[in-house]
2 protein chains.
Amino acid sequence: MPSQASLTSPPQVRGQEAQARILQAALRIFGRDGFALATTRRIAEAAGVSLPAIKYYFENKEGLYMACAHEIVARYEEGLGNYIDEVAAALEGGLSPAQARSYLKEVMRRVSAISNDDADADLRTGFVLREMTEQGPAFEVLYKDLWQPGVEITAQLIACIEGKASPDEAAHLEALMLHASLSAFSSTRPVSLRYLRDGGCKASPREGGLTSALTVIEAQIDRMGPA
Amino acid sequence: MPSQASLTSPPQVRGQEAQARILQAALRIFGRDGFALATTRRIAEAAGVSLPAIKYYFENKEGLYMACAHEIVARYEEGLGNYIDEVAAALEGGLSPAQARSYLKEVMRRVSAISNDDADADLRTGFVLREMTEQGPAFEVLYKDLWQPGVEITAQLIACIEGKASPDEAAHLEALMLHASLSAFSSTRPVSLRYLRDGGCKASPREGGLTSALTVIEAQIDRMGPA
DNA sequence: GGCAAACTATATCGCTTGATATAAATCTTA
DNA sequence: TAAGATTTATATCAAGCGATATAGTTTGCC
């Protein structure tokens, strides 16, 4: 298992740097092209290493893909994950509908912010969304540690807003749709931007209309409430 | 251009049948695997023809892909397309918000029904959604003749519901999100079903929770209205 | 029957892919 | 400096890809 050659002597640092370069290049190329279309040669070239380096550090293409998934999960947990725990604790203590509403808005804000963290953030989002639709080798990890927790906390907050003790099927569905709409807006962002542009709207290509989408979602949250 | 050898003698009917079999097999395999991952060999095998038959009828892989796109558009136009024209005419004549609301519900109902027309309907949906996110060779056709008209009529109906003369940026955005949520629910259907199942909900695998999703969307439409 | 047109199948080409055998380079340690 | 572990690069393999040259088969028409 060469992927955890960690606590060794200082010159092996160069090796770890190469490993990190490969991982970063892989994240970008897998995120853009998907598992099947991405080639190990292109990744190696982008990372500035030769082809067998991938085998040396990650065994094979799938190993590299899984390493990318774990990297994404780690980044997610250190960002949104902690906040989710915080919200869960608050829910445990009991929340008013109004409080739940503002928590939910913040959750969705942070979820959408994931796609704007840095330059490659949207590629990581693409990685996750592709894996959710195509269910490749990294699906289980991403579903269990990333997708499910986000939707579940959303469902619980919605239930709270609607005055229910625990989320029923309707709350779960509404949570799914909320995340689905944000996801789809991300993955079809070029199309959405084109549509808005054709209609004469000017959306900043920087944030890709994501904040506008967020406004719509917040309005939806505002309209939630006791039936 | 051998793809329109149509008005010839009767025995060429067999040829047309082969052409149709190739097209159907291609729709299923392209819809499931996408352009890059699908192979002409597998399509030929599924259609029960030999490999050069694809070249004979569709010139090459991309020609076959485009033929699939046009087939999808044709099917869409004879279904939803006519209804969109009908709604557009009604809008021209002036609609009350309540009328617009029920038209909008019917539009979304028909859009979601597209994924349940027949056994291969979800594969066609997958074809379209993949092309919207990856922007392959068939993007222009599908956007112009299928995606844009559906979103636009939705935006106009939303504007009408909200008492506006013509759709502003907010209406366009809301229309986009409405379709995005339905699309994402379709393309991540296995994930959504798993989530609901894990939560103890029983969703019919037949319709894949789409009618439940539609219920949520109708509730959203009901909550629209003058600010 | 024979002939031209429409259609189909076999076999193969050139290319790219993931993987890896092999050997060289680098650096620590003794 | 010699030994040895760690890391890197060259060259190559078998498999699968899209494409197609070539030849065979069917079938309506005269």
Side-chain angles (χ1 to χ4, degrees), chain A residues 1-27 29-30 32-69 134 136-138, chain B residues 1-27 29-30 32-68 136-138:
Chain A
M1 218 176 300
S3 66
Q4 53 184 15
S6 44
L7 300 176
T8 51
S9 40
Q12 273 76 343
V13 161
R14 191 177 41 131
Q16 291 186 10
E17 283 175 357
Q19 185 172 349
R21 274 206 318 277
I22 295 174
L23 194 65
Q24 181 154 347
L27 269 167
I29 294 181
F30 277 138
R32 195 191 52 187
D33 301 339
F35 181 77
L37 211 59
T39 73
T40 53
R41 277 176 171 82
R42 214 180 300 273
I43 292 172
E45 187 192 12
V49 300
S50 66
L51 220 164
I54 291 179
K55 175 182 171 60
Y56 184 79
Y57 288 109
F58 301 95
E59 192 55 32
N60 53 27
K61 189 186 184 183
E62 185 171 324
L64 178 54
Y65 193 71
M66 292 301 293
C68 289
E134 298 181 6
Chain B
M1 219 175 300
S3 66
Q4 52 183 19
S6 45
L7 300 176
T8 51
S9 39
Q12 275 78 342
V13 160
R14 190 177 44 128
Q16 291 186 11
E17 283 175 357
Q19 186 173 349
R21 274 208 316 278
I22 294 174
L23 194 65
Q24 180 155 348
L27 269 167
I29 293 181
F30 278 138
R32 195 191 53 187
D33 301 339
F35 181 78
L37 211 58
T39 73
T40 52
R41 278 176 171 82
R42 214 180 299 273
I43 293 172
E45 187 191 12
V49 301
S50 66
L51 221 163
I54 291 178
K55 175 182 171 62
Y56 185 79
Y57 287 108
F58 302 95
E59 193 54 34
N60 53 27
K61 190 185 183 183
E62 184 170 327
L64 178 54
Y65 193 71
M66 293 301 292
C68 289

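All chains are named by letter (A, B, ...) in the order of the sequence lines, taking the proteins before the strands, and each is independently numbered beginning at 1. Everything quoted here is computed from the prediction, not taken from an experiment. These numbers come from the heavy atoms of this one structure, side chains and all, not from hydrogens, waters or symmetry mates.
The aromatic rings of A:Tyr65 and A:Phe30 sit perpendicular to each other, their planes meeting at more than 60°, with 30° as the lower class boundary.
Taking atom OH of residue B:Tyr56 and atom C1' of nucleotide C:dC7, one finds them 5 Å apart after rounding to whole Å. In this entry the distance linking OH of B:Tyr65 with P of D:dC17 reads 18 Å, nearest Å. Rounded to an integer number of Å, the gap from CG of B:Leu64 to C1' of D:dG18 is 13 Å. Across the protein-nucleic acid pair, B:Arg41 atom CZ and D:dT20 atom P stand 13 Å apart, rounded to whole Å. The interatomic distance linking B:Leu51 (CG) with D:dA23 (P) rounds to 20 Å, in whole Å. One atom, CZ of A:Arg42, and another, C1' of C:dA19, lie 18 Å apart when rounded to the nearest Å. Residue A:Tyr57 contributes atom OH, which lies 10 Å from atom P of D:dA9 at whole-angstrom precision. One interatomic measurement links the two molecules: NZ of B:Lys61 to P of D:dG16, which rounds to 16 Å at whole-angstrom precision.
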Checklist entry - side chain to side chain contact (heavy atoms under 4.5 Å, CB included) between A:Gln19 and A:Tyr56: does it pass, once the steps are laid out? => result CA-CA 9 Å; A:Gln19 185 172 349; A:Tyr56 184 79; over 6 Å; no

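A:Ser50 comes within 4.0 angstrom of a base, heavy atoms only. Counting non-hydrogen atoms under 4.0 angstrom, B:Ala38 reaches the backbone sugars and phosphates but no base.
In plain terms, the two heavy atoms of B:Ala38 and B:Ile29 that are nearest each other are CB-CG2, 3.7 Å.
When distances are taken from the side chain of B:Ala18 to each of D:dA21, C:dT8, C:dA19, the shortest belongs to C:dT8. Checked against D:dT7, C:dA21, C:dA9, the side chain of B:Pro52 finds its nearest nucleotide in C:dA9.
Taking only side-chain nitrogens and oxygens, B:Thr40 comes nearer than 4.0 Å to OP1 or OP2 of D:dG18. When the side-chain nitrogen and oxygen atoms of B:Lys55 are compared with OP1 and OP2 of D:dT20, one or more of them lie within a distance under 4.0 Å.
Map B:Val49 and A:Asn60 each onto its nearest nucleotide of DNA chain C; the residue landing nearer the 5' end is B:Val49.
Without hydrogens or angle criteria, A:Lys61 side chain to A:Phe35 main chain gives a donor-acceptor distance under 3.5 Å.
Results of the side-chain contact (heavy atoms from CB on, under 4.5 Å) test with A:Ile22 over A:Thr40, A:Leu27, A:Val49 single out A:Val49 as the only residue that passes.
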